Engineer: 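Here you go, one structure.
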There are 2 protein chains.
Amino acid sequence: MQSRDWRPRYLQLAEELRAKIMSGELPPGILMPSETELADSSGLSRTSVRNAIRQLREWGLVRAEQGRGTYVRAPRQRVRRRNTERYQWEKDRVLLDEAERLKTGATEHDTGLTVDDLKFHAEYSQVNADEEMAAALRVDLGTPLLRRVYWTSSRHENAPLTVSYSYLPYDLVAENPDLLDEGKEPWPGGTQHQLYTLGIELDRIDDEIRARPPSPDEAELLDIDPGVSVLTVRKTSVDTSGRVVEVADVVMPGDRTELVYSHKLQRWKT
Amino acid sequence: MQSRDWRPRYLQLAEELRAKIMSGELPPGILMPSETELADSSGLSRTSVRNAIRQLREWGLVRAEQGRGTYVRAPRQRVRRRNTERYQWEKDRVLLDEAERLKTGATEHDTGLTVDDLKFHAEYSQVNADEEMAAALRVDLGTPLLRRVYWTSSRHENAPLTVSYSYLPYDLVAENPDLLDEGKEPWPGGTQHQLYTLGIELDRIDDEIRARPPSPDEAELLDIDPGVSVLTVRKTSVDTSGRVVEVADVVMPGDRTELVYSHKLQRWKT
DNA sequence: GAGTGGTCTAGACCACTGT
DNA sequence: CAGTGGTCTAGACCACTCC
């Protein structure tokens, strides 16, 4: 006789269901059997079935909706953000003429999608620097800042691919009214172009990358389960005079984002 | 009368306990009250208490050990890996003499800890390239590879700060027996120095960063809960002739790692 | 109103840890 | 051995969605 399976039964059920999802027997978008149905068919209690489903949710395979049911998730578009090239690419684009810039933005650069496939959202406000932002921007506590929140999503998936929270010193920006107009962002040209209109040239961009659990808001917006981490990039832009001109926090769903950095090394002297 | 708290009671309990941990009333390392005690004192069922504790575990605040109890975690040492500088720094070190190299390795460079605070572990084996590694190293399926697993931990925390899985084509490496000797790794000098002894100079290193749930082994080794993500870096080293000479997967606990990348931008022509 | 997932209870047995 | 966390059961009520 075979030795019995030693794993907990809820995990066995979770893996059975996972196999059915992977094989296409439970295709994306379909409503899963309800918890009571699964309990009946598997011979387990509803509690154990719920444990199995919690596991599937942590794996990012299903989404539960109260009152409606549990759905199999579509495999998500994976996004590669190649920041090393991206930043230089954005800088080079600044000097192109507007017709050229309008053709493609950075998200298309990342995803290969065209502008018709994408939806944009922007939201501006004025805030005062809290302790963290004051330190990041190297300004005094309470300094007025322009806060810009924006996200981009694919038309085929409702959830955004990234959400950005960008902060700039308000007085830096006040000279160019375009920068205060939500309708003018981020096209055409991106932030580097807008800074260019203020006579600012970037010298360096530093990225700090972390992983952390999403806030409830972020989980909602990015359509991930609270158990799935987000990847965050804090991007600090420094201009040629050494001043920090923008700090942006970019939040991405950890289950479908790859960040790519390339390092060219200096040659040894032979 | 106050309107009642609308949140689930297990979450209220989780937040009460969180507050006690944050305030120091439940200091790091201490054994928490057992689940039955908490059930009695809170008036909830053990199931609800377990839900509260699951939440605390996902927040990374406590660690449950079967048969022993649930402990409050110590806040972890955060590690900043500055890969942009690190790789060039490693390359520059190759040409220094051995006495100089022995003084510090890359982990000290990251953490600011001295060599006396650190413990090392290494483990070598020969494997054949699977589909993924064959593609990453651009070799044929089944090509013999040297697989090196190593980790470094602080003496004050048992869990490693990083775990690396490094793969090199075996025939590339066979010429230098030092590279096959676990005792000789990674000190002194690191991989770049060992490649130097084979006449190999690196030209470029690419990093691909992802976040994902840990495997059960990784959760165990890094001492994180299965609900806490790991950050992974796939580091691909390319030599001056364009050949991929090493692929390394570096796995780090997501709750205490920051990756830092710095980009110097080219100046506009004025 | 019927069905769904979210919360909650009061039990039970198990594997594992300490003594 | 007693105590711990891990699994599991068979119920219950709730808020929510859809018809």
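Computation of the quantities below employed the complete heavy-atom set of this structure, encompassing side-chain atoms and omitting hydrogens, waters and symmetry-equivalent molecules. Predicted, not measured: the structure shown is a model, and the values here were computed from it.
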Engineer: How about B:Asn83 and A:Tyr261: does a side-chain donor come under 3.5 Å of a side-chain acceptor?
Structural biologist: no
Engineer: Is the shortest distance from a Lys or Arg side-chain nitrogen in A:Asp249 or A:Arg234 to a carboxylate oxygen in the other one below 4.0 Å?
Structural biologist: yes
Engineer: Is the shortest side-chain N to carboxylate O distance from A:Glu123 to A:Arg148 below 4.0 Å?
Structural biologist: no
Engineer: Is there, by distance only and without an angle test, a donor paired with an acceptor across the side chain of A:Arg46 and the base of C:dG6 below 3.5 Å?
Structural biologist: yes
Engineer: If the threshold is 4.0 Å, N to carboxylate O, is there a salt bridge linking B:Arg81 and B:Glu258?
Structural biologist: no
Engineer: Which whole-number value in Å describes the distance from B:Arg54 CZ to D:dG5 C1'?
Structural biologist: 14 Å
Engineer: Judged by modelled atom types alone, do B:Thr36 and B:Ser34 share a side-chain donor-acceptor pair under 3.5 Å?
Structural biologist: yes
Engineer: Please write out the pairs of protein N or O atoms and N or O atoms of nucleotides 17-19 of chain D separated by less than 3.5 Å, giving the distance to one decimal.
Structural biologist:
unit_1: D:dT17; atom_1: O3'; unit_2: A:Arg68; atom_2: NH1; d: 3.2
unit_1: D:dC18; atom_1: OP1; unit_2: A:Arg68; atom_2: NH1; d: 2.6

Engineer: Mapping A:Gly69 and A:Thr47 to their closest nucleotides on DNA chain C, which lands nearer the 5' end?
Structural biologist: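 Taking each residue's closest nucleotide, the earlier one in sequence belongs to A:Gly69.
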Engineer: Can you check whether A:Thr70 has a side-chain N or O nearer than 4.0 Å to OP1 or OP2 of C:dT4?
Structural biologist: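 So the side-chain polar atoms of A:Thr70 never come under 4.0 Å of the phosphate oxygens OP1 or OP2 of C:dT4.
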Engineer: Rounded to the nearest angstrom, tell me the gap between atom CG in A:Leu44 and atom C1' in D:dT7.
Structural biologist: 11 Å
Engineer: If I take atom CZ in residue A:Arg7 and atom P in nucleotide D:dT7, what distance separates them, rounded to the nearest angstrom?
Structural biologist: 13 Å
Engineer: Write down the atom of A:Glu58, the atom of B:Pro213, and the distance for their closest heavy-atom approach.
Structural biologist: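 Minimum heavy-atom contact is O-CG, 4.5 Å.
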Engineer: Can you figure out which of C:dC8, C:dG6, C:dA12 approaches the side chain of B:Arg9 most closely?
Structural biologist: C:dC8
Engineer: Could you check which of D:dG5, D:dA10, C:dG6 has an atom nearest any side-chain atom of B:Ser34?
Structural biologist: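 Nearest listed nucleotide: D:dG5.
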Engineer: Measure from CE on A:Met32 to P on C:dT4 and round the result to the nearest Å.
Structural biologist: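 Rounded to whole Å, this separation is 13 Å.
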Engineer: Rounded to the Å, how far apart are A:Glu37 CD and C:dG5 C1'?
Structural biologist: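 Taking atom C1' of C:dG5 as the reference, CD of A:Glu37 is at 13 Å.
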Engineer: Charged N to carboxylate O under 4.0 angstrom, A:Arg63 versus A:Asp223?
Structural biologist: yes
Engineer: Look at the side chain of B:Ser45 and decide which nucleotide, out of C:dA10, D:dT9, D:dG5, has an atom nearest to it.
Structural biologist: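 Of C:dA10, D:dT9, D:dG5, C:dA10 is nearest to the side chain of B:Ser45.
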Engineer: Where the side chain of A:Ala64 is concerned, which of D:dT7, D:dT4, C:dG5 is the nearest nucleotide?
Structural biologist: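 Ranking D:dT7, D:dT4, C:dG5 by closest atom to the A:Ala64 side chain puts C:dG5 first.
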Engineer: Considering just the side-chain nitrogens and oxygens of B:Arg50, establish if one lies under 4.0 Å of OP1 or OP2 belonging to D:dG6.
Structural biologist: yes
Engineer: Is the shortest side-chain N/O distance from B:Tyr10 to OP1 or OP2 of C:dT7 below 4.0 Å?
Structural biologist: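 So the side chain of B:Tyr10 is within the cut-off, an N or O lying under 4.0 Å from OP1 or OP2 of C:dT7.
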Engineer: Could you check whether B:Ile53 gets within reach of a base, just the sugar-phosphate, or nothing at all, counting any heavy atom under 4.0 Å?
Structural biologist: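 Nothing: the residue B:Ile53, judged by heavy atoms under 4.0 Å, touches no strand.
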Engineer: Going by an N to O cut-off under 4.0 Å, is there a salt bridge joining A:Glu208 and B:Arg80?
Structural biologist: yes
Engineer: Please report, rounded to the nearest Å, how far the P atom of D:dT7 is from the CG atom of B:Asn51.
Structural biologist: 13 Å
Engineer: Just the rounded figure in Å: distance from C1' of D:dG5 to CG of B:Leu56.
Structural biologist: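 Atom CG in B:Leu56 sits about 15 Å away from atom C1' in D:dG5.
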Engineer: Under 4.0 Å between a side-chain N or O of B:Thr36 and OP1 or OP2 of D:dG3?
Structural biologist: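 No, no such contact exists.
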Engineer: Check the phosphate of C:dG6 against A:Arg57, side-chain N and O only, distance under 4.0 Å to OP1 or OP2. Yes or no?
Structural biologist: yes
Engineer: Is there a donor and acceptor pair, one atom on the side chain of A:Arg63 and one on the base of C:dG5, closer than 3.5 Å?
Structural biologist: no
Engineer: Roughly how many Å is it from CD in A:Glu35 to C1' in D:dA10, rounded to a whole number?
Structural biologist: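 Value for this atom pair: 15 Å.
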